[in-house]
Protein chains: 2
Amino acid sequence: MSISSRFAVAIHILALLDINKEGRNTSEFIAGSVNTNPVVIRRVIGLLGKAGLVHTSPGVGGASLARLPQEINLLDVYRAVQNDPPGELFAAHDKPNPKCPVGQNIQGTLDTVFKRAESAMEDELAKVTLDQIVFDLVRGDR
Amino acid sequence: MSISSRFAVAIHILALLDINKEGRNTSEFIAGSVNTNPVVIRRVIGLLGKAGLVHTSPGVGGASLARLPQEINLLDVYRAVQNDPPGELFAAHDKPNPKCPVGQNIQGTLDTVFKRAESAMEDELAKVTLDQIVFDLVRGDR
DNA sequence: ACCACCTGTAACTATTGTAGTTACAATTGT
DNA sequence: ACAATTGTAACTACAATAGTTACAGGTGGT
């Protein structure tokens, strides 16, 4: 299975908040750009808010970045919207037979390898900041 | 979401085939070690067979490794059991609004970043061979 | 040739996660 | 006061996974 599209939507939202920082970013406006339902946007913004990446205000609010775009990287975003705890990108198979030499030790062995692979991916995400994404988007527009 | 436990099960199976290469590895025996249903094992072995990692024979068969354990790495296994095509670990959000400068270009921008992160993970998997896994398992047994 | 054993596969169920949608109370700025 | 907007609950639809039963067909030993 693949990582939920919430991640892609979240990046889209943050990029839009930066580019359109003058305008009023209602969930409906953002939903128009992402092409989905406003509630989906509000849900993702809620997660980003809990993670301290955006400021939101109820009522006639709209959202805005809580940090400079240079100070938001994609790992921050990934962690914010991925509700699986870190270290669980790969699922272990539960309760292998402890009476078997393989079953007895496989969990630990796999855990080490899986964590290493997951970290490699996350390190790559951490290298990319929101302002790089925005730069790329705007450049592509010319 | 996380990567299906088929991957962990597949590694377990391959390790067992190597360690128990003298014995007869029926799906029921393997299922005993993994602690699941024999049909689940046969399904995974089917995928491993299609990928050329194991030999299977119908009837009173049992499975065996098709290559030396030094010549099977975890990326081979990952690709064998992961039916999503490569490059789709991260899901894109479909059809963003092309009238919006963000929606217009975000797909390409994200694609580049996502591919890089996925490759980093896969490179890490490719570094680990089955015989390293087996070595680790047997060592843990002492 | 028989037969016990095993594989390959189809069909079904249960469970889970995601995404989209409607609805509405609570909050805010004008 | 009022119109607009958020935050959230509740529901539907859908897809993937894993487990299970069932069974047709191949294989090797005797």
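Reminder, nothing fancy here: chain letters follow the sequence lines and each chain counts from 1. Everything numeric in this text was worked out from a predicted model, so none of it was measured.
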Just by protein heavy atoms under 4.0 Å, how would nucleotides 20-30 of chain C read 5' to 3' in B, S and -?
-> BBBB---BB--

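- One atom, NZ of B/K50, and another, P of C/dT7, lie 17 Å apart when rounded to the nearest Å.
- Hydrophobic clustering, with ILVMFWY side chains joined whenever heavy atoms are under 4.5 angstrom apart, keeps B/I45 apart from B/V60.
- Residue A/L48 contributes atom CG, which lies 15 Å from atom C1' of D/dG7 at whole-angstrom precision.
- Between A/F114 and A/F90, the ring planes are parallel. Angles under 30° get that label, and only those over 60° would be called perpendicular.
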Intermediate values then yes/no, side chain to side chain contact (heavy atoms under 4.5 Å, CB included), B/K127 and B/Q132 | CA-CA 10 Å; B/K127 283 184 194 162; B/Q132 288 175 272; over 6 Å; no

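- Applying the 4.0 Å criterion to OP1 and OP2 of D/dT6, one finds that A/T56 has every side-chain N and O outside that range.
- In terms of the ring-ring contact (aromatic ring centres under 6.0 Å, His included) criterion, A/F29 has no residue partners (sequence neighbours excluded).
- Comparing B/E28 and A/S4 by the nucleotide of DNA chain C that holds the closest heavy atom to each, the one mapping nearer the 5' end is B/E28.
- Here A/S5 reaches the OP1 or OP2 of C/dA19: one of its side-chain N or O atoms lies under 4.0 Å away.
- Along DNA chain D, the nucleotide closest to B/D84 and the one closest to A/T26 are compared, and the more 5′ of them pairs with A/T26.
- One interatomic measurement links the two molecules: CD1 of B/I3 to C1' of D/dA16, which rounds to 14 Å at whole-angstrom precision.
- If you take CZ of B/F29 and C1' of C/dC6, they are 15 Å apart, rounded to a whole angstrom.
- A distance of 13.0 Å separates CD1 in A/I11 from CZ in A/R6, rounded to the nearest 0.5 Å.
- Rounded to whole Å, the distance from CG on A/L47 to P on D/dT6 is 16 Å.
- Residue pairs meeting the side-chain hydrogen bond (donor to acceptor under 3.5 Å, both in side chains) criterion with at least one member in residues 31-55 of chain B, sequence neighbours excluded, are B/H12-B/S33, B/S27-B/R42.
- Whole-Å rounding puts the B/E88 CD to D/dA16 C1' distance at 15 Å.
- In this structure, CZ of A/R6 is placed 8 Å from C1' of C/dG17, rounded to the nearest angstrom.
- Distance NE2 (B/H93) to C1' (C/dT18): 16 Å, rounded to an integer number of Å.
- Surrounding CD of B/E71 are more than 12 heavy atoms belonging to other residues, nucleotides or ligands, all under 6.0 Å away.
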